[in-house]
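Here is how names work: the chains are called A, B, and so on, in the same order as the sequence lines, proteins then strands, and each is numbered from 1. When reading the values below, keep in mind they use all heavy atoms of this one structure, side chains included, and skip hydrogens, waters and symmetry mates. This one's a predicted model, so the numbers in the text were calculated from it and none came from an experiment.
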Protein chains: 4
Amino acid sequence: MSSNNANRKVRRAVKPQRSHGKARVETILVAAAEVIGDKGYDRATMAEIAERAKSPIGSLYRFFPNKEILANALLDRYAVLINAAFDAIDHVASDLPVETLADTLLELMVNLQTETKALASVLEANAKWTKRPKFPELFLQRLIKVLRHRAPELSANDAQNVAAVLMHNLKTMRAITFGKGIATGPDVAAELRLMNRLYLLNRLTPNRK
Amino acid sequence: MSSNNANRKVRRAVKPQRSHGKARVETILVAAAEVIGDKGYDRATMAEIAERAKSPIGSLYRFFPNKEILANALLDRYAVLINAAFDAIDHVASDLPVETLADTLLELMVNLQTETKALASVLEANAKWTKRPKFPELFLQRLIKVLRHRAPELSANDAQNVAAVLMHNLKTMRAITFGKGIATGPDVAAELRLMNRLYLLNRLTPNRK
Amino acid sequence: MSSNNANRKVRRAVKPQRSHGKARVETILVAAAEVIGDKGYDRATMAEIAERAKSPIGSLYRFFPNKEILANALLDRYAVLINAAFDAIDHVASDLPVETLADTLLELMVNLQTETKALASVLEANAKWTKRPKFPELFLQRLIKVLRHRAPELSANDAQNVAAVLMHNLKTMRAITFGKGIATGPDVAAELRLMNRLYLLNRLTPNRK
Amino acid sequence: MSSNNANRKVRRAVKPQRSHGKARVETILVAAAEVIGDKGYDRATMAEIAERAKSPIGSLYRFFPNKEILANALLDRYAVLINAAFDAIDHVASDLPVETLADTLLELMVNLQTETKALASVLEANAKWTKRPKFPELFLQRLIKVLRHRAPELSANDAQNVAAVLMHNLKTMRAITFGKGIATGPDVAAELRLMNRLYLLNRLTPNRK
DNA sequence: AATGAATGAGAATTCATTCAT
DNA sequence: TATGAATGAATTCTCATTCAT
């Protein structure tokens, strides 16, 4: 809302030395996720986040020098979870039937969402000003990796494009599962699952089509 | 001056009397679409919208008594275009092959976007406070209508769910076509088109499955 | 940012923690009394009050979250003084000749005015929107108490009505003493004192009438 | 609320030439009295006054070039009524018993109020910035005239001071009769009447005291 | 002359960020 | 070092007044 994005030293989230600090940072991130998830990035105030975290606002600023850095920390935290989830999938990807793989990938974001529920909204809010979209990049790379693992015959280009569509499907899945409005709910999720399966079957199965 | 939330007339966007005014309103709407599309609803300021429209702030408020009403006007304007687009499709829907219908629907939002460029982003911004999600509802209803027209054997429930997935595909198509980040571009759009075709073929063709 | 009238905490004047803050609040209150007393509630701007108090506008809002709360704080502050003044009178009321009591009461508001100069004007300004007229009520109750103390034979009803007239006399006394226009000045005050004495003598002395 | 009181040509309310215009002006004044009486001078908007008068805002400004002039016109209109009321009293003043005269004067403002109910609030609102307090002056002069008529032995000075107190009593009467808050109502009015009688009896009856 | 749309200075209020303690 | 009070730029919205039609 204010300004001063320019001529400011490059700053990052401070990594706390003491274990006490780590817990504090974790609490703040959880609080931030909740408040931002609830109100959206712009309407979430640093004061409310601090209050929800039962942390003095001064401490909050100690660890996260400004709101943007806090939001980015949220993303980083999310990235860790994503990597872990993909790591788990990587191990079994080649043994899974395509349909199962399709379903598994689709559920991935939902499962993450369950853990870090409100995080997602940060993404959209941030998308408007974040300079480096490293987060979607990571996501895409991990999807490409899974695809090439499962279907080595897929060209690099195809893998990239299929992964992109997949990524959008995951986003859609999240919206369908956690969204409040119209076009949500379990029945719609089932439809999406069907579409996703049809698509991956077509693209990952050599002799079809 | 102060509060007086009670006993205040219901406020709507004013329809300009003078012919000059109509152009002015149009200019404001375009400016609002651009600024909101660019910065998002919360970060878009009425002052910037006014400036972009080369309109004094007072005039802006004359036509749109507050920011929310302005955003709703944007939505209404978009709704008109959507209805027109669907009307055009309705006429030819039953004669089209499923694949063509699938592609046509998918392009719909892209075509709209071309005309009312940044409008779409208002939707998400608004989602946070809009009481009645009449806009997505409209979209969904029109999709259902097309589907039932083309595949009368589809149950009401199925039509609703398929339409929901379709709607998400349209959104995705918009993101892919106009998005700036990763996972965008013509190749990805082609993939999405493929998926969308596979899905509709499966759901709208009676004896397959 | 926008509305959110619901689910918002009840807002009150903040009590400053730091010792410096207490002086600041006092300064603001004095400045507010002066500016509001001078210009009236509506024409007094928060910016001018802040400036007069040599306080940044943000600080003003820190202590008094909005204009209405500031005005109420002014009233509360005044109420404390009034109570103290009446307490002092209560102790001697029964021993005073009626004429002296009459004069003493009449001077009360003038004395208060001397200390909290422009406070009074807030009352009228506030009359327009204050929900609970607790302040005049307090005044009236204290007057009733004095009257019944001094003349126990007065019925509750009579005491209430006499007190009401007395209260108006006090207001008049203030206007005469501090007013700028016509019908003010010491000679007029002397006349008012006479009238007030005549009236109380008539109402509080048992066997006259 | 805005400014520009300085360096502006001296302007007055335009006197309409046509009879149609006179009716229009009257309507506007009535509307202004109602709206200002209802909301207070500052919160009353020119637009609402125009609307209530069913007069285009442009017309309103034609007759009353700004808000202050409109308010002054309201006062002038009131003055005419006051003069008429005093004229009526002047004719009978010398024949009336003091008590009756006292009551008659006290009712005067109430009677006026009945006709131009909301006018009163303009006085206070205007008192803050009106340069020439000609209105209270008129009132006072007419009261002095009545007093000297009825009690020629009263010194000029005494007449002035008694009239001043009387004037305040009239104001009080108005507040008691039309006020909404505490210390109002018919019983309080009866008490005020008593006080007023006692006072005038004392001051206007030669051999008492 | 009459009208009411257009204007923009000014008012209240918020909140990210700083810094005295 | 930790805290939370203090700050002021930025934002939304109003309304007296003007002036094109």
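Nucleotides of DNA chain E nearest to C/Pro65 and D/Gly58 differ in position, and the one nearer the 5' end is that of D/Gly58. Residues A/Ala44 and C/Asn66 both approach DNA chain E. Their nearest nucleotides, taken by heavy-atom distance, put C/Asn66 toward the 5′ side.
For E/dT21, the paired nucleotide is F/dA2, the pair qualifying as Watson-Crick or G-U wobble because both relevant distances are below 3.5 Å.
The phosphate of F/dT3 (OP1 or OP2) has a side-chain N or O of A/Ser59 nearer than 4.0 angstrom. Between A/Arg62 and F/dT3 there is no side-chain N or O to OP1 or OP2 distance below 4.0 Å.
Other residues, nucleotides and ligands contribute over 12 non-hydrogen atoms within 6.0 Å of the CD atom of C/Glu48.
With E/dG4, F/dG4, E/dG8 as the choices, the nucleotide that has an atom nearest any side-chain atom of D/Pro56 turns out to be E/dG4. Picking from E/dT17, F/dT12, E/dA5 the nucleotide with the shortest atom distance to the side chain of B/Met46 gives F/dT12. When each of E/dT3, E/dA16, E/dT7 is scored by its nearest atom to the side-chain atoms of D/Arg24, the top-ranked nucleotide is E/dT3. Checking E/dA5, F/dT14, F/dT17 against the side-chain heavy atoms of B/Tyr61 singles out F/dT14 as nearest.
Within the nucleic acid shown, C/Thr45 comes within 4.0 Å of sugar-phosphate atoms alone, with no base atom in reach, counting heavy atoms only. Across all strands shown, B/Ala50 has no heavy atoms under 4.0 Å from either base or sugar-phosphate atoms.
Atom NZ of C/Lys54 is separated from atom P of F/dA6 by 18 Å (rounded to the nearest Å). In this structure, A/Glu48 places its CD atom 14 Å from C1' of E/dA16, rounding to the nearest Å. In this structure, the CG atom of D/Leu70 is 16 Å from the P atom of F/dC15, given to the nearest Å. Across the protein-nucleic acid pair, D/Glu68 atom CD and F/dC15 atom P stand 19 Å apart, rounded to whole Å. Between C/Phe63 atom CZ and F/dA5 atom P the separation is 9 Å, expressed in whole Å. Rounding to whole angstrom units, CG of residue B/Asp42 and C1' of E/dC15 are separated by 13 Å. The interatomic distance linking D/Leu60 (CG) with E/dG4 (C1') rounds to 12 Å, in whole Å.
Using a distance-only test at 3.5 Å, with no hydrogens or angles considered, no donor-acceptor pair links the side chain of B/Lys39 to the main chain of B/Thr45.
Atoms CD and CZ, from B/Glu26 and B/Arg77 in turn, are 4.5 Å apart once rounded to the nearest 0.5 Å.
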